[in-house]
Peer 1: 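Supplied in structure tokens, the structure appears directly below.
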Amino acid sequence: MAVGVIPLSEWVKSYDCSAITIAVVASHSSLQILHGARQEGFRTLGICVGEERRKMYSAFPGAEPDEWLVLDDYKQLMDYAEYLRERNVIMIPHGSLVEYLGPKLFQELEVPTFGNRNILEWEGSRERQRIWLESGGCEMPKVIDDPKDIDGPVIVKYAGAKGGRGYFVARNFRDFRRNVDLEEEFTIQEYVLGTRYYFQFFFDPIPDDGYQVEGMGNHSNQSLGRLELMSIDRRDEANVDEFYKLGSLRDLRDMGLEPSFVVTGNTPAVLRESLLPQAFKLGEGAVAASMELEGGGKGMIGPFCLETIVTDQLEFRVFEVSARIVAGSNVAIGGSPYSDINEPGISTGQRVSRCIKKAIEKDRLLEVLS
Ligand code: AMP
């Protein structure tokens with residue numbers, strides 16, 4: 001069943017909103033989601049495959065789910081939709097859920113889900129991300145269509161590559177030819193030299209205070225809701241982060257080594273404060289533009305991440321958007337220098353449950369679910 005015809009309002013009508021259960025696949029950013037849900041007074045349910053996963057959660061009693069659903073395969077989740085709805089479940093999606101189910105099944109999952117599943121159509125392809133972000137005023141790295149036109153450093157990215165696996169840097173066509181896997185679909189992007197910052201924003205359509213996102217297009221002159229900066233991180237990437245220690249790129253190639261971009265973890269970051277207004281402008285543009293996307297429905301709701309590089313001219317390039325909680329927000333499970341200003345210790349996971357709780361109080365739950 002396509003998302004558009006899922007009778008979300010029917011399901012939610014039958015929910016006992018005083019007994020909501022927050023459910024999440026036990027992976028990715030689930031510790032903060034489970035911990036945050038409990039902080040907000042919700043019951044929690046962890047979903048996993050195999051018993052082994054559960055053990056790790058016993059090391060974190062503050063996040064250990066009240067209940068587990070143990071499956072043989074994540075795709076079985078599709079058969080448990082009714083079981084979950086009977087427990088008044090709201091699913092919190094993250095990258096692993098979408099990866100394990102695949103985008104199609106994720107969209108068809110018949111369980112009320114936090115955020116907007118329609119936005120996936122726009123997040124899932126690099127071309128569509130570009131249309132979305134550029135229409136929101138974000139400048140992106142140039143794309144090189146013909147490898148023969150490479151005349152400076154580029155990064156070659158494979159479609160669907162997980163965590164940067166297989167990406168490589170090329171300086172010219174020779175480099176490209178030597179490294180490329182022509183069996184795979186790839187994009188060639190200008191390699192932007194600068195410092196990387198990954199912004200974890202939260203957009204809440206309900207409050208009418210704080211940093212209000214101004215609408216564009218069909219929503220011109222409207223305030224759409226509140227944009228918050230939860231935290232900033234930088235990804236640790238093997239082996240590119242450490243390559244400089246071994247000499248120049250030429251030395252490395254003599255040793256038969258190529259830089260790789262496999263994400264292994266994250267570190268917290270703060271941005272030069274005078275750049276924050278620009279960062280907010282990018283977040284605001286991304287949200288405002290999301291409301292104008294054809295088929296994008298309610299646009300961006302909840303946590304999202306803009307992956308950026310700031311050049312030495314102090315200009316931002318946005319190279320990717322994630323339209324849900326990202327694992328980089330785990331650097332701020334106990335709060336961040338930014339979120340702490342507004343409320344000490346609040347994580348993005350807790351912010352999600354807070355949004356749900358406030359929406360219930362205001363009888364506006366449907367607005368933040370899909
Ligand atoms: P992505 O899969 O687009 O998130 O990229 C993975 C990693 O590759 C990023 O975290 C960056 O370190 C690097 N990267 C991606 N795009 C660019 C770019 N245009 N210029 C420089 N580095 C990039």
Side-chain angles (χ1 to χ4, degrees), residues 28-29 94-96 98-99 103 120 122-134 138-145 147 149-172 175-176 179-181 184-201 231-244 249 252 257-269 271 279 282 286 303-331:
H28 193 270
S29 45
H94 52 49
S96 299
V98 181
E99 187 188 330
L120 200 74
W122 287 88
E123 188 214 50
S125 109
R126 287 196 197 282
E127 292 74 37
R128 295 193 122 203
Q129 278 198 13
R130 187 168 284 271
I131 295 168
W132 168 8
L133 293 174
E134 288 184 343
C138 302
E139 195 168 335
M140 300 190 70
K142 284 195 224 44
V143 169
I144 291 93
D145 293 320
D149 293 338
I150 298 173
D151 64 354
V154 295
I155 179 163
V156 181
K157 304 180 177 187
Y158 292 109
K162 292 287 158 321
R165 191 167 290 279
Y167 289 10
F168 67 92
V169 176
R171 292 162 301 173
N172 47 41
D175 273 356
F176 170 82
N179 287 297
V180 74
D181 177 354
E184 297 275 336
E185 199 185 314
F186 59 81
T187 309
I188 308 172
Q189 248 181 31
E190 158 199 19
Y191 188 92
V192 180
L193 208 50
T195 321
R196 293 168 298 124
Y197 295 97
Y198 302 68
F199 293 94
Q200 281 101 47
F201 285 110
S231 52
I232 308 175
D233 79 293
R234 185 167 307 139
R235 289 186 188 162
D236 298 325
E237 292 169 335
N239 292 323
V240 69
D241 291 348
E242 301 298 322
F243 248 43
Y244 68 95
L249 200 53
L252 292 163
L257 298 170
E258 288 291 335
S260 50
F261 294 81
V262 178
V263 180
T264 54
N266 308 75
T267 43
L271 187 73
L282 298 173
F304 70 101
C305 176
L306 292 184
E307 302 182 16
T308 74
I309 298 170
V310 181
T311 69
D312 61 2
Q313 298 304 303
L314 301 182
E315 288 169 354
F316 279 88
R317 298 286 180 279
V318 182
F319 59 91
E320 193 147 334
V321 58
S322 294
R324 68 185 70 78
I325 190 167
V326 290
S329 63
N330 286 336
V331 299

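Counting starts at 1 for both ligands and their atoms, in listed order.
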Peer 1: Nearest heavy atom to atom 11 (C) of ligand 1 wins, so pick from Arg235, Arg165, Glu320, Arg196.
Peer 2: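 Considering heavy atoms of Arg235, Arg165, Glu320, Arg196, the nearest to atom 11 (C) of ligand 1 sits in Arg196.
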Peer 1: Where on Tyr198 is there a heavy atom closer than 4.0 Å to ligand 1, on the side chain, on the backbone, on both, or on neither?
Peer 2: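 Answer for Tyr198: side chain.
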Peer 1: For Val192, counting its heavy atoms only, list the atoms of ligand 1 lying under 4.0 Å from any of them.
Peer 2: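 Result: 18 (C), 20 (N), 21 (C).
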Peer 1: Side chain to side chain donor-acceptor pair (under 3.5 Å) for Gln200 and Ser329? Distances and angles first, verdict last.
Peer 2: CA-CA 6 Å; Gln200 281 101 47; Ser329 63; 5.5 Å; no
Peer 1: Please list, in number order, the atoms of ligand 1 under 4.0 Å from a heavy atom of Pro141.
Peer 2: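 Once the distances to Pro141 are compared, the set is 19 (N).
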Peer 1: For Glu184, is the CD atom crowded, meaning more than 12 foreign heavy atoms sit under 6.0 Å from it?
Peer 2: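 Yes - once you tally the heavy atoms of other residues, nucleotides and ligands closer than 6.0 Å, there are more than 12.
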Peer 1: Determine, for Glu237 against Arg196, whether the closest basic-nitrogen to carboxylate-oxygen distance falls under 4.0 angstrom.
Peer 2: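 Salt bridge present between Glu237 and Arg196.
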Peer 1: Of Gln189, Gln129, Arg234, Arg317, which has the heavy atom at the shortest distance from atom 19 (N) of ligand 1?
Peer 2: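 Among Gln189, Gln129, Arg234, Arg317, the closest heavy atom to atom 19 (N) of ligand 1 comes from Gln189.
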Peer 1: Would you mind checking if Arg171 and Asp151 are paired as a salt bridge, meaning a charged N to carboxylate O distance below 4.0 Å?
Peer 2: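 Arg171 and Asp151: not salt-bridged.
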Peer 1: Suppose I only count heavy atoms of Glu190 and a 4.0 Å limit; which atoms of ligand 1 are within that range?
Peer 2: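 Numbered from 1, ligand 1 contributes 18 (C), 19 (N), 20 (N).
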Peer 1: Between Glu123 and Arg128 (salt bridge meaning N to carboxylate O under 4.0 Å), is one present in this structure?
Peer 2: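 Looking at Arg128 together with Glu123, the answer is no, because their closest N to O distance does not fall below 4.0 Å.
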Peer 1: Once you restrict to heavy atoms under 4.0 Å, what part of Ile309 touches ligand 1? Side chain, backbone, both or neither.
Peer 2: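 Just the side chain.
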Peer 1: Side-chain contact test, heavy atoms from C-beta onward, threshold under 4.5 Å: evaluate it for Thr267 versus Asp236 and give yes or no.
Peer 2: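 A side-chain contact exists here, since the closest heavy-atom pair is under 4.5 Å.
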Peer 1: Heavy-atom pairs closer than 4.0 Å: do any link ligand 1 to the side chain of Tyr191, the backbone, both, or neither?
Peer 2: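 The answer is both, backbone and side chain.
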Peer 1: Under 6.0 Å between ring centres, would you say that holds for Tyr191 and Phe168?
Peer 2: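 No, the ring centres sit 6.0 Å or more apart.
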Peer 1: Given Lys142, Glu237, Glu307, which has its nearest heavy atom closest to atom 9 (C) of ligand 1?
Peer 2: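 Looking at heavy atoms only, Glu237 sits closest to atom 9 (C) of ligand 1.
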